[in-house]
Amino acid sequence: MSTQVIVLNGGSSSGKSGIARCLQAVLPEPWLVLGVDTLVEAMPAAMRAADAEGGIAFAADGGVAVGAAFRAVEAAWIAGVAAMVGAGARVVVDEVFLGGAASQERWRSALVGLDVLWVGVRCDAEVAAGRELARGDRIAGMAASQAELVHRGVVYDLEVDTTRTEALACARAIAERVSP
């Protein structure tokens, strides 16, 4: 069976989005990129407010808290992504496993029966924090707090490190592992 889904997991500002764009350029078939940012941006503003009851809240120190309403919407979204893949789309998932292994299990359960390549995207916390600062659209501290947290207990087929490796080189290493 050929690879149908590539799941990129890494902390904020680790380089996942750049790798995903490069994968679209280097892989021979068309691949869609969908990520947790896509989900968050699609949610009603009330679920993204600092005092969101049950939604997703971003603390001033970069911490992220999610509630039951977020989990329900996330479950539907994950099932929708799996359905798209089941219908023939190839998808790169740009994710941040805040719950480590539990987050991976939510995806693994939804993607059962599909050929998935699990990729850990690592980046030194200080380098990610510098990228975060340069971007200007992230809460300071998010990159550092997520750099290791998102990888706890997660099992990968491949890991890449963007600390000193460009996104294109990482994408090429991933593309070599994609079954045609």
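Because the structure is predicted, anything quoted here is derived from the model rather than measured.
Using modelled atom types, no side-chain atom of Arg90 and backbone atom of Glu29 make a donor-acceptor pair closer than 3.5 Å. Thr3 places no side-chain N or O within donor-acceptor distance of the main-chain N or O of Val116, the cut-off being under 3.5 Å. Here the side chain of Arg71 pairs no donor or acceptor atom with the backbone of Val66 at under 3.5 angstrom.
Each of Gln104, Glu159, Glu105 was scored for a side-chain contact (heavy atoms from CB on, under 4.5 Å) with Val154, with one residue passing: Gln104. Ile6 pairs in a side-chain contact (heavy atoms from CB on, under 4.5 Å) with only one of the listed residues (Ile174, Val33, Val91), which is Ile174.
In terms of heavy-atom proximity, Val85 sits nearest to Gln4 at CG1-CB, 3.6 Å. Considering all non-hydrogen atoms of both residues, Met142 and Phe58 come closest at CE-CD2, 3.6 Å. When all heavy atoms are compared, the tightest approach of Cys123 to Ala147 is O-CB, 4.1 Å. Taking both residues in full, the closest heavy atoms of Ala171 and Leu23 are given as O-CD2, 3.5 Å, listed atom of the first, atom of the second, then distance. Of all the heavy atoms in Val150 and Gly11, the pair that sits closest is CG2-N, 3.5 Å. Smallest separation of non-hydrogen atoms from Ala143 and Ser13: CB-CB, 4.2 Å.
With rounding to the nearest 0.5 angstrom, the CD1 atom of Ile78 is 9.5 Å from the OG atom of Ser109.
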Audit row: Phe97, Val7, side chain to side chain contact (heavy atoms under 4.5 Å, CB included) steps and yes/no = CA-CA 11 Å; Phe97 288 168; Val7 177; 3.9 Å; yes
Go through the steps for Asp115 and Val5 under the test side chain to side chain contact (heavy atoms under 4.5 Å, CB included), then give the verdict.
-> CA-CA 6 Å; Asp115 190 350; Val5 183; over 6 Å; no
Verdict with reasoning, Leu98 to Val64, per side chain to side chain contact (heavy atoms under 4.5 Å, CB included) = CA-CA 8 Å; Leu98 292 174; Val64 180; 3.6 Å; yes
Begin from the C-alpha positions of Glu95 and Lys16 and carry the test salt bridge (charged side-chain N to carboxylate O under 4.0 Å, His left out) through to its verdict.
-> CA-CA 8 Å; Glu95 254 294 357; Lys16 299 177 309 296; over 6 Å; no
Carefully, step by step, assess Asp94 and Asp37 under the rule side chain to side chain contact (heavy atoms under 4.5 Å, CB included).
-> CA-CA 8 Å; Asp94 176 343; Asp37 289 344; 5.6 Å; no
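Between the side chains of Thr162 and Arg131, at least one donor N or O lies within less than 3.5 Å of an accepting N or O.
At least one side-chain heavy atom of Met47 sits less than 4.5 Å from a side-chain heavy atom of Val73. Side-chain contact between Leu168 and Val26: present, with at least one pair of heavy atoms (C-beta onward) separated by less than 4.5 Å.
Each side chain to side chain donor-acceptor pair (under 3.5 Å) pair with one or both residues in residues 79-89, not counting sequence neighbours, would appear here, but there are none. Sorted by first then second residue, the side chain to side chain donor-acceptor pair (under 3.5 Å) pairs that include residues 145-158, not counting sequence neighbours, are Asn9-Tyr156, Arg122-Glu148, His151-Tyr156.
Qualifying ring pair (Phe, Tyr, Trp, His ring centres under 6.0 Å) partners for Trp77, counting only residues two or more places apart in sequence or in other chains: Trp107.
Between Arg106 and Glu74, at least one side-chain nitrogen of the basic residue sits less than 4.0 Å from a carboxylate oxygen of the acidic one, meeting the salt-bridge criterion.
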